[in-house]
Every structure is written in structure tokens, then in C-alpha cells.
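Treat the numbers as computed from the prediction; the structure is a model and nothing was measured.
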Amino acid sequence: MNVDALRGFALLGIMVVNIAYFASGYPIHGAVDPAYTSGEDKAVRWLIAFVFEMKFYLIFSFLFGYSFTLQMDSAARQGAVFTPRILRRLAGLLTLGFVHAVLLFYGDILSCYAVLGLVLFALRGIKPRTALIVAGALVGMVVVTLLLADGAAASDPVAALAEGHRTTTAMRNSPASFITSNIHILPLMAATLVVQGLSSFAAFLVGFAAGKRQVLARIKEHGRSLRRIQWVGFPVGLAGAFYLASSGSAVSGSDLTPVAMTMLTGPFLAAAYMATALRFFQTEPGSRVMAALAPAGRMALTNYLSQSLICAVLFTAYGFRLAGHVSPLGALLLAVAIFGAQLWLSKKWLTGNIYGPVEWLLRAITLARLPAMRAGSKSGD
């Protein structure tokens, strides 16, 4: 249940970050929506950058790597050949990600995970210690690359504002213009995901190493290590987060030095978040929170995609066309409300079903047959 609860926790952070890119077309172009520049708007953006930006996707990525070992173990227990299973799964994930990016959200991470999953598959024999060393080297590579590219990162603020206005207008005009805008932005996202992808893969490797040692299955044995992660992770991670939020680079993207520093310190804060959550889950009130988060985490893929679907209906021409008309605070409150609804719906759905809808589909692709959906039904699964 620890893995599922952590996924649920990560979904909240991802929702808070992603909704800003539905609420306005300006952030993706490194601009601030000129309609929302009040002290309150700036404070909310600062808070989101400080607490959420560039941290929660690392938790999600860590759990992807951890779950990879669970899938390997599952195939071994069933006497199944792992290779065709994982290749079908990654192909299904890539297809879902492409459809998601074009129709709903250009910031899709699933397609990136599918491609990186192939690399992780190729390295599946790597030793945990080696995986950690490679992960550290990848983070160092990202930081150095960003620092070297800092001088070339200057952007034209007037052009960024114009692009932001065009994107916001396209989001509201019609479904066709929204889809066309998504496709137009994909090359920009691809460039961004090169850097974020390396960081994600580093988190994959850390999660893979943790999975090999079954760390999340034996939390009580690692209490001292979790406390050390907190003592180191929070000071280092919060310092980097404060630098990023105060620089404004989380929004503008024009200064890569704070981004580079956050790439270096973000993993420390993400680890501290996870260590704190895991220790809290061992307490009586924490066990109740864990039970509330776990169903959403079990349906993480369904919930991730449905977050985009709900936001698309709220903000784009698919529905209410609210893009550009909701303040940062309003978007933050909507994110919390959407996540709260997902907690309730996930628990209700899993009362009678084994998997979430999209999880069931991906499992069917993975196994090349239809698994049972309803609890208690018979299947060859």
C-alpha cells in the first residue's frame, strides 16, 4: 500500500503544477499572463514553485522504476517471459501518451516514460549500487548542461507574451484550434523533455535500485535511513526551491541557473517528501491518510489522464473555455477539488473492480488477453 499511497500523493502535486498550463497559454512560453500580476497572483505562483515545481514528477518517476521491479518479479512468479510483456506494455503506454499529448495535454509524460522504459529494460541487469552511481552522473550531466546553456536561454519577452496570447486564444476558439495548438507546441515540449527526461531516468534508476532491495516493503527496517534523508533532504532541497521560486525562473524560464540548481537539489526535496510521507504512514493518523491516498494511486494512470480530461473540459473549447479567465489561486483551488473528487471516485470504483479503466486496458495489452475487471470474477489472469 505504501507504493500506491505515494503515487496518490504524487498525483496531487502533478495536478497542482499541470493545471496552470490549462488555465493559461502563457506559462509554456515562459511568460506571465498579464491579466494576473497582483500580489496574490505572484504569491500563489511563488508557493507552487517553492513546494511543487520540479519535485513531484521525480516521485512519480521513482515509483515507475520501483514498479518495474515488481513487474519483473510478477512475471517470474507466473513463469511468464518478461520481454514480450514489457514491450507490449511500453508500446501501449507510448500510444496512450501520444493520444494524450495531441488531444488533451502537450505536457504528456507517458510517451517519455515509454521511451525511457526501453532504456531501463535494456539495463534491467544493472546492480543497485551501479544504478545509483549512474543516476548521480545523469543529474550532474543535466546540471552542467543547463549551466553551459544559460547564456543562450534569453528569450524575447514581447514575443513570449504574443505566443502566450495566441495559445490561450487557440485553446478557447474550437476543438480543432486547441488540437492544432497542442501539435504546434510539441516540438518545444520535446526539447524540454530531453532535460526533464534525463532527470526522470535518474529517478527511474533510484527507484529500480530501491525496488531490487524491496525498500518500500520493509519501511520499519529503514527508519534510520528515512530520518537521515529528511535531515539532509529538507535543508538542501528547500534552499534550492526557495532560489527557484524567488528567481521567477519556474515561470519565465529565461534564467537557467536557478533551474539547474533545482535539478541538483530537487531530488533531495523529493526524497525528503517521500521519507516524511512513509514515516507518517506508519502512524495511526498516517495510516488513515495512506488508506485514503492508496486507491487513487492504484488508479494512477486513469487519474492522470482524467485530470487532463477534466481540465480540458473546464478550460478549453471542449467545454467551458475558461482558459485565461481563472486566477492562479482559482486554479490551485480547482486542482485540490479535482484531486479530492478523484480520491472519492477511486475508492468507490475499486470497491467492486480490481483495476482502474485505463489500468485494465494497459494490462490487457501487456498480457495480450483480457484480464478480469470485477472483483471475484473468473479469469485466466
Side-chain angles (χ1 to χ4, degrees), residues 1-23 44 47-48 51-52 55-57 59-60 62-64 67 96 100 103-105 107-110 216 273-274 276-316 318-320 322 326-364 371-377:
M1 190 178 285
N2 284 314
V3 176
D4 290 332
L6 281 178
R7 277 204 198 94
F9 175 57
L11 279 170
L12 171 61
I14 289 169
M15 177 78 259
V16 169
V17 172
N18 284 354
I19 198 170
Y21 295 88
F22 283 99
V44 172
L47 178 66
I48 292 172
V51 177
F52 297 98
K55 291 95 177 175
F56 281 80
Y57 83 89
I59 299 176
F60 220 58
F62 170 90
L63 294 171
F64 184 95
S67 297
L96 286 171
H100 178 226
L103 297 183
L104 295 176
F105 184 42
D108 167 74
I109 197 66
L110 301 180
L216 298 185
Y273 282 168
M274 286 192 288
T276 302
L278 289 168
R279 291 190 65 199
F280 177 59
F281 291 160
Q282 307 312 304
T283 67
E284 185 176 343
S287 65
R288 292 194 290 270
V289 173
M290 180 171 64
L293 289 171
R298 280 181 60 191
M299 293 176 52
L301 184 55
T302 295
N303 284 321
Y304 171 72
L305 293 174
S306 64
Q307 285 176 356
S308 295
L309 178 61
I310 293 167
C311 287
V313 170
L314 288 174
F315 292 106
T316 78
Y318 288 153
F320 297 96
L322 294 179
V326 178
S327 70
L329 178 59
L332 175 60
L333 294 176
L334 273 173
V336 173
I338 291 168
F339 181 71
Q342 288 186 317
L343 290 180
W344 181 80
L345 288 169
S346 297
K347 182 177 181 180
K348 189 174 181 64
W349 176 271
L350 290 174
T351 299
N353 297 289
I354 304 172
Y355 310 107
V358 185
E359 285 75 14
W360 179 88
L361 175 61
L362 189 59
R363 188 167 181 81
M373 170 62 90
R374 300 287 298 176
S377 61

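Looking at Leu301 and Leu110, their side chains come closer than 4.5 Å, going by heavy atoms from C-beta outward. At least one side-chain heavy atom of Val51 sits under 4.5 Å from a side-chain heavy atom of Tyr273. The shortest side-chain heavy-atom distance between Ser308 and Asp108 does not fall under the 4.5 Å cut-off. When side chains are defined from C-beta on, Arg374 counts as touching Asn353, because their heavy atoms get closer than 4.5 Å. Taking the side chain as every heavy atom from C-beta outward, Leu63 and Leu216 approach each other to under 4.5 Å. By the 4.5 Å heavy-atom criterion applied to side chains, Ser346 and Asn303 are counted as neighbours.
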From CA spacing to verdict: side-chain contact (heavy atoms from CB on, under 4.5 Å), Leu104, Tyr318
CA-CA 10 Å; Leu104 295 176; Tyr318 288 153; 4.0 Å; yes
Thr283/Met290 under side-chain contact (heavy atoms from CB on, under 4.5 Å): CA gap, chis, key distance, verdict
CA-CA 10 Å; Thr283 67; Met290 180 171 64; over 6 Å; no
Please walk me through it: do Phe281 and Leu293 pass side-chain contact (heavy atoms from CB on, under 4.5 Å)?
CA-CA 10 Å; Phe281 291 160; Leu293 289 171; 4.1 Å; yes
Would you please test Ser306 and Met299 for side-chain contact (heavy atoms from CB on, under 4.5 Å) and show each step?
CA-CA 10 Å; Ser306 64; Met299 293 176 52; over 6 Å; no
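Side chain of Arg363 to backbone of Ala372: no donor-acceptor contact under 3.5 angstrom is found. A donor-acceptor distance shorter than 3.5 angstrom exists from the side chain of Thr351 to the backbone of Lys347, with no hydrogens or angles considered. Formation of a donor-acceptor pair under 3.5 Å by the Tyr304 side chain with backbone atoms of Ile109 is found in this model.
Annotation: the span from Leu332 atom CG to Ile48 atom CD1 amounts to 5.0 Å, rounded to 0.5 Å. For the atom pair Leu333 CG and Leu329 CG, the distance stands at 4.5 Å (nearest 0.5 Å). Distance check, rounded to the nearest 0.5 Å: CZ of Arg7 to CD1 of Ile14 gives 11.0 Å. Between Phe52 atom CZ and Leu12 atom CG the span is 5.5 Å, to the nearest 0.5 Å. Summarising the geometry, atom CZ belonging to Phe62 is positioned 14.5 Å from atom CZ belonging to Phe56; distances are rounded to the nearest 0.5 Å.
Ile338 approaches Cys311 most closely through the heavy-atom pair CD1-SG, 4.3 Å. Scanning both residues, Gly356 and Met373, for their nearest heavy atoms gives O-CE, 4.1 Å. For Phe315 against Ile19, the heavy-atom pair with the smallest separation is CE1-CG1, 3.8 Å. For the pair Leu11 and Gln307, the tightest heavy-atom approach, listed with the atom from each and the gap, is O-NE2, 3.4 Å. When every heavy atom of Phe280 is checked against every heavy atom of Pro285, the shortest pair comes out as CZ-C, 4.1 Å.
The environment of Phe320 atom CZ is sparse: at most 12 non-hydrogen atoms of other residues, nucleotides or ligands sit within 6.0 angstrom.
A tilted orientation is assigned to the rings of Phe105 and Tyr21, their planes being inclined by 30° to 60°.
Here Glu284 pairs with Arg288 in a salt bridge; the nearest charged N to carboxylate O distance falls below 4.0 Å.
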